[in-house]
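Model, not experiment: these values are computed from the prediction. Note on naming: letters A, B, ... go to the chains in the order of the sequence lines (proteins, then strands), and numbering restarts at 1 for each one.
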2 protein chains.
Amino acid sequence: MSKTKKIQLKDIAEEANVSTALVSYVLNGRHLNRIKKETADRIKEVAKRLNYRPNHFAKGLKTQKSNTIGLILADLDNPFSTQITRIIESELLSYKYNVLIGSTYEKEDKFKELIEVFINRQVDGLIILPTENSKIEIERLHSTNFPYVLMDRYFPNTSFNYIVNDNYFSTYSATKQLIKNNRKKIGFITLQSNLFHIIERKRGFIKACKEAEITTENMVKEIRLAHFDEDVAKEIDALRQEYTDLDAILFSTDRLTMYGLKYMIQHQLNITNNIEIMAVDEAKFYDIYSSPISYYKQPLEEMGQKAVQFLISKINENNSDIIQETVTGELVIK
Amino acid sequence: MSKTKKIQLKDIAEEANVSTALVSYVLNGRHLNRIKKETADRIKEVAKRLNYRPNHFAKGLKTQKSNTIGLILADLDNPFSTQITRIIESELLSYKYNVLIGSTYEKEDKFKELIEVFINRQVDGLIILPTENSKIEIERLHSTNFPYVLMDRYFPNTSFNYIVNDNYFSTYSATKQLIKNNRKKIGFITLQSNLFHIIERKRGFIKACKEAEITTENMVKEIRLAHFDEDVAKEIDALRQEYTDLDAILFSTDRLTMYGLKYMIQHQLNITNNIEIMAVDEAKFYDIYSSPISYYKQPLEEMGQKAVQFLISKINENNSDIIQETVTGELVIK
DNA sequence: TACCTTTGTTTAAACGATTAAATTAAATTG
DNA sequence: CAATTTAATTTAATCGTTTAAACAAAGGTA
């Protein structure tokens, strides 16, 4: 950052009267037992004084490592995504890794493109929250033996690496709680999606209802991603018409909850207050809704830590380990 | 991404029976008038067939360009930040640039670190939403002639490059609107900060009140960043005690609005509904508050586009242009 | 003293692209 | 048809590091 030309190894070498090799060794802490302490100290002093910063390109070209990992998010606009990002970022920092963040905004082609871009940029590994229909892309990635790990979303019956939440349990326990609160007509607003975590969330809801002998007929409403706003309103309308005694709604993602609450406000359903709201995933904005919202909270810190640890060890040890872990969160009852 | 070894220029050259130079020329579209069309076509075909991806390090080392710019956000958790990010990202994409995203979470030392990291990573330029007390860092950056532009926040009486919103006008017009709505006791919740855009917002509020001969005494409440939740509650409490006829609150950022609304809900002030809420900056969550919230909307697209355009031309033409632009947003009345 | 270790340092070849300059082949001209 | 121009391609240096291997000097040993 100094105004003068960029300092490079050569400059330090000249100033300290040694070869560039020695400078490199000292600055990277190699062969230290072989190098005279005075020389090493002198080199370090000069490097510091000249404010040396290694050229990332040259270093990367030679070592084939970037000390960077790529994080592919499904949708950066989602509060869930920024939470994950924050955790991954701080976790990676402790390993001296940097993060490249990308968001697919739930678009398949953007997903493919991001993997390309990141690999071209020579990231050392990838943490991926996959988009719908991205299985083929991930299969390809998997087969190249490139270090990666899926988070949040995954595909069943594969040998992919993943760390995910127990999605079945999330809605199962949330629904159980509603039932415990004496709710009998529970609507479930979820996404129209073949993403496995969404399928699992649906299964959890249905199972809990079945066990309590509560009807699920017409109770599950699936929202098209491309018509979010409109569909949420339409489907809640439908629920209310089919069941005038509707007494609870479970939303399967925080974004759905957002639009659901907006509907409730618009129709002033928040005032009568006889429809209990329950959500999957935490979000700050729940606090400004006029009645309390309970939710299922994923253990994000745990997931983030495990993902990063796995990835780093995979990168450094180049082993053939596979990780497939499902972690369990908890209900937060308001 | 193929399972076999990485394809490089040399491989294409061999396969196509030409030198690597020619391959490079063709793939980069140089000297095209000099190169036989058949040869060029053959090279392109081979490159495509072998799925060639240039090595980013080698390319960068030689060209001293990364085609990447760094985006330094003040706080990624802020909805405002993800909006900006989305706009910058898509705008840069059209110039074939990638974005490195970083968030300082409003910490000075993190800010300094991020600039270091990004410059070490050889980004070609920086878009910066600066943190408090970062003026010295930016001065240093500015003096190196490194391409950068500030957004959203800036420092007065400098020759820094910036594109910002008219912050004075934002609160001035918002306050005017409240007055027009017949509000007489207006509280202003803002940040305790020496960031110029915050100072300007305060000035705008006070000016509008003065013009309407409305008291501002004890009406401006400043929240400490480190005690957000607690301070917001405390200060609104104070306002209500000092003025039992408090009839409006203007929040100077979306995050403040978030906590303010939370307070309103907790104290059920949303029900009586006689305190009008007005905000600076747009946010989706306004929709789930039980009464409509008007707000001042910054022209983010315009700002993002201008910032990117300036930066790109600065990078490519290495000129000595300076940009200092203030753009004006509008009130969105609900 | 001659030889072997150990210590401390340097030499020089990579890494994979770009690009100015050189070279060769083909076309044009007088 | 030799000379010249133009077209097409190659050679080789370079970017700034890392690192195996070579080397030199000093110390130890028999």
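- For residues 36-92 of chain A, the ring-ring contact (aromatic ring centres under 6.0 Å, His included) pairs, not counting sequence neighbours, are A:H56-B:F57, A:F57-B:H56.
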For a quick test of your reading: what N or O donor-acceptor pairs under 3.5 Å do the side chains of residues 93-100 of chain B make, sequence neighbours left out?
from	atom 1	to	atom 2	distance (Å)
B:S94	OG	B:E91	O	2.6
B:Y97	OH	B:K65	NZ	3.0
B:N98	OD1	A:R121	NH2	2.9

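- Rounded to whole Å, the distance from CG on B:N33 to C1' on D:dA8 is 11 Å.
- Distance CD1 (A:I35) to P (D:dA24): 19 Å, rounded to an integer number of Å.
- Applying the side chain to side chain donor-acceptor pair (under 3.5 Å) rule to B:D124 yields the partners B:S66; only residues at least two apart in sequence or on another chain are considered.
- Sorted by first and then second residue, the pairs that involve residues 77-88 of chain A and meet salt bridge (charged side-chain N to carboxylate O under 4.0 Å, His left out), not counting sequence neighbours, are A:D77-B:R86, A:R86-B:D77.
- Atom pair A:H56:NE2 and C:dC15:C1' shows a separation of 15 Å (rounding to whole Å applied).
- The aromatic rings of A:Y162 and A:Y154 sit tilted, their planes meeting at an angle between 30° and 60°.
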Any protein N or O atoms within reach of nucleotides 22-24 of chain C? Criterion: under 3.5 Å, listing atom names and distances.
none

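- A search for side chain to side chain donor-acceptor pair (under 3.5 Å) contacts involving B:N161 returns nothing, not counting sequence neighbours.
- Contact of the B:L141 side chain with the B:L126 side chain is registered, since non-hydrogen atoms from C-beta on lie closer than 4.5 Å.
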Atom pairs and distances, side-chain donor-acceptor, residues 303-315 of chain B, under 3.5 Å, sequence neighbours left out:
from	atom 1	to	atom 2	distance (Å)
B:K306	NZ	B:E302	OE2	3.0
B:K306	NZ	B:E325	OE2	2.6
B:S313	OG	B:F310	O	3.2
B:K314	NZ	B:N319	O	3.3
B:K314	NZ	B:D321	O	2.8

With side-chain contact (heavy atoms from CB on, under 4.5 Å) as the criterion, how do B:N51 and B:I7 come out once you've worked through the C-alpha distance, each side chain's angles and the decisive distance to 0.1 Å?
CA-CA 7 Å; B:N51 191 28; B:I7 298 300; 6.0 Å; no

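- Counting only heavy atoms from C-beta outward, the side chains of A:I72 and A:L129 never approach each other to under 4.5 Å.
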For residues 30-38 of chain A, tabulate all N or O donor-acceptor pairs below 3.5 Å that involve a side-chain atom, not counting sequence neighbours.
from	atom 1	to	atom 2	distance (Å)
A:K37	NZ	A:D41	OD2	2.9

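- Whole-Å rounding puts the B:K65 NZ to C:dA17 P distance at 19 Å.
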Going 5' to 3' through nucleotides 12-18 of chain D and flagging B where a protein heavy-atom sits under 4.0 Å of the base, S where only the sugar-phosphate is that close, and - otherwise, we get --BBBBB

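- We find that NE2 of A:H31 is positioned 14 Å from P of C:dT10, with the value rounded to whole Å.
- At its two ends the helix from C:dT1-D:dA30 to C:dG30-D:dC1 runs along axes set 70° apart, each axis drawn from five pairs and the angle rounded to 10°.
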List the steps and the verdict of side chain to side chain donor-acceptor pair (under 3.5 Å) for A:E132 and A:S193.
CA-CA 7 Å; A:E132 202 166 13; A:S193 168; 3.3 Å; yes

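- Of the residues in residues 36-49 of chain A, none has a non-hydrogen atom less than 4.0 angstrom from any atom of DNA chain D.
- For A:R34 and D:dT19, the CZ to P distance is 17 Å, given to the nearest whole Å.
- With sequence neighbours left out, the side chain to side chain donor-acceptor pair (under 3.5 Å) criterion links B:Y148 to B:H142.
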